[in-house]
Amino acid sequence: LGWSLTEDLIRRNAEHNDCVIFSLEELSLHQQEIERLEHIDKWCRDLKILYLQNNLIGKIENVSKLKKLEYLNLALNNIEKIENLEDVVY
């Protein structure tokens with residue numbers, strides 16, 4: 001059974017930033033059985049590096065709202081749909 005991304009999960013993986021999530025620049029959430037990327041753009045606007053490999057993510061969503069994002073790893077997920085990446089620079 002997979003999970004949606006939660007504020008608590010992000011906070012637990014933000015020890016290197018004193019568990020402060022709004023100013024996080026790097027976040028590693030690999031192997032967390034995450035299925036959806038909801039609300040990450042509201043909680044972590046300054047993310048530059050996001051590791052999400054080895055999860056259960058089926059759709060890439062809400063990533064384009066992370067305007068400072070430079071690196072995104074979504075390897076080994078269940079991606080079937082990509083949405084709203086028109087403004088992302090490759």
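When reading the values below, keep in mind they use all heavy atoms of this one structure, side chains included, and skip hydrogens, waters and symmetry mates.
- For the atom pair Leu76 CG and Asn54 CG, the distance stands at 4.5 Å (nearest 0.5 Å).
- To the nearest 0.5 Å, the span separating CG on Asp8 from OG1 on Thr6 amounts to 5.0 Å.
- For His39, the ring-ring contact (aromatic ring centres under 6.0 Å, His included) partners two or more places apart in sequence, or in a different chain, are Trp43.
- Considering only residues two or more places apart in sequence or on other chains, Asn78 meets the side chain to side chain contact (heavy atoms under 4.5 Å, CB included) condition with Leu56.
- No donor-acceptor pair under 3.5 Å is formed between the side chain of Asn73 and the backbone N or O of Leu52.
- One finds a salt bridge joining Arg36 and Glu61 here, because a Lys/Arg side-chain nitrogen approaches an Asp/Glu carboxylate oxygen to under 4.0 Å.
- Inter-residue side-chain proximity for Glu25 and Leu47 is flagged as unmet; no heavy-atom pair is nearer than 4.5 Å.
- To the nearest 0.5 Å, atoms SG (Cys44) and CG (Leu5) are separated by 7.5 Å.
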Exercise for the section: Kindly indicate, with the supporting measurements, whether the criterion side-chain contact (heavy atoms from CB on, under 4.5 Å) is fulfilled by Tyr51 and Glu26. Expected result: CA-CA 8 Å; Tyr51 298 99; Glu26 182 173 336; 3.5 Å; yes
Problem - Leu29 vs Ile34, side-chain contact (heavy atoms from CB on, under 4.5 Å): CA-CA, chis, key distance, verdict - result: CA-CA 8 Å; Leu29 293 170; Ile34 297 167; 3.9 Å; yes
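- Cluster annotation: Leu72 and Leu9 are assigned to the same hydrophobic cluster (Ile/Leu/Val/Met/Phe/Trp/Tyr, side-chain heavy-atom contacts under 4.5 Å, transitive).
- Linking Ile, Leu, Val, Met, Phe, Trp and Tyr residues whenever their side-chain heavy atoms come within less than 4.5 Å places Ile82 and Leu69 in a single cluster.
- Grouping the Ile, Leu, Val, Met, Phe, Trp and Tyr side chains by contacts below 4.5 angstrom, directly or via other members, places Ile10 with Leu74.
- Atom CZ of Arg45 has 12 or fewer neighbouring heavy atoms from other residues, nucleotides or ligands inside a 6.0 Å radius.
- Leu24 places none of its side-chain heavy atoms less than 4.5 Å from the side chain of Asp46.
- By the side chain to side chain contact (heavy atoms under 4.5 Å, CB included) test, Asp41 is found to be paired with Asn62, Lys65, Leu66, residues two or more places apart in sequence or in another chain being considered.
- Under a hydrophobic-cluster definition in which Ile, Leu, Val, Met, Phe, Trp and Tyr are linked whenever side-chain heavy atoms come within less than 4.5 Å, directly or via other members, Val63 and Phe22 are assigned to different clusters.
- You'll find the side chain of Asn13 stays beyond 4.5 Å of the side chain of Ser28, heavy atoms only.
- Judged by distance alone, the side chain of Asn55 and the main-chain N or O of Glu33 form a donor-acceptor pair under 3.5 Å.
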